[in-house]
Amino acid sequence: MNHLDRITLEPGKRGGKPCIRGLRITVYDVLEYLASGMTEAEILTDFPDLEREDIRAALVFAAERERRLVSIPPG
């Protein structure tokens, strides 16, 4: 499964931010919930439209984005 297939970009939805499967839940939302200490189970309970693979997709998306960032060499 390609997790990135679950990430959608729509100009008119949530300001064009990457969302999960066309829902109004952004990748950032999911990452923020995880960073705040919510468990996967808690997120899935609070947001029944989300699936476990959606959370994985948000993590893969963030990892891919981080990998593409350019590092600044030490000065």
Side-chain angles (χ1 to χ4, degrees):
M1 165 186 281
N2 182 358
H3 287 90
L4 296 179
D5 288 344
R6 291 178 169 264
I7 307 300
T8 56
L9 295 165
E10 298 176 44
K13 189 175 285 180
R14 296 294 306 265
K17 294 179 183 170
C19 292
I20 307 295
R21 290 184 294 115
L23 301 170
R24 296 192 60 77
I25 301 169
T26 66
V27 168
Y28 177 81
D29 293 334
V30 173
L31 296 173
E32 190 172 55
Y33 301 142
L34 290 168
S36 74
M38 285 180 78
T39 66
E40 213 174 76
E42 289 170 330
I43 294 169
L44 296 173
T45 298
D46 286 355
F47 302 93
D49 289 335
L50 286 180
E51 300 171 359
R52 187 170 310 285
E53 291 303 318
D54 296 329
I55 296 171
R56 298 276 184 270
L59 292 169
V60 169
F61 182 87
E64 288 293 322
R65 189 176 202 176
E66 177 67 20
R67 184 184 343 236
R68 286 190 302 267
L69 287 177
V70 175
S71 296
I72 300 173

Discussion item. Filter on ring-ring contact (aromatic ring centres under 6.0 Å, His included), then keep only pairs touching residues 38-61, sequence neighbours left out; what's left?
Written reply: Tyr33-Phe47
Measuring from [X]:[atom1] to [Y]:[atom2], what's the distance to the nearest 0.5 Å?
| X | Y | atom1 | atom2 | answer |
| --- | --- | --- | --- | --- |
| Arg6 | Leu23 | CZ | CG | 10.0 Å |
| Ile7 | Thr26 | CD1 | OG1 | 9.5 Å |
| Leu34 | Ile55 | CG | CD1 | 6.0 Å |

Practice prompt. Please report the C-alpha distance between Ile20 and Asp49 in whole Å, then the side-chain angles of each, then the deciding distance to 0.1 Å, and finally whether the side chain to side chain contact (heavy atoms under 4.5 Å, CB included) criterion is met.
Written response: CA-CA 10 Å; Ile20 307 295; Asp49 289 335; over 6 Å; no
Fill in: Salt bridge present between Arg56 and Glu53 (N-O < 4.0 angstrom)
no
Worksheet entry | Shortest non-hydrogen separation from Leu4 to Ala57 and the atoms involved | CD2-O, 4.5 Å
Discussion item. For Ala58 versus Val30, what's the shortest heavy-atom pair and its separation?
Written reply: CB-CG1, 3.8 Å
Worksheet entry | For Lys13, all residues meeting salt bridge (Lys or Arg N to Asp or Glu O under 4.0 Å), sequence neighbours excluded | Glu10
Item to complete: Kindly write out the residues that satisfy salt bridge (Lys or Arg N to Asp or Glu O under 4.0 Å) with Arg14, not counting sequence neighbours, or none if the list is empty.
Response: Asp29
[X]: what forms a side-chain hydrogen bond (donor to acceptor under 3.5 Å, both in side chains) with it, not counting sequence neighbours?
| X | answer |
| --- | --- |
| Arg21 | Asp54 |
| Glu32 | Tyr28 |
| Arg24 | none |

Fill in: Asp46/Ile43 under side chain to side chain contact (heavy atoms under 4.5 Å, CB included): CA gap, chis, key distance, verdict
CA-CA 5 Å; Asp46 286 355; Ile43 294 169; 6.0 Å; no
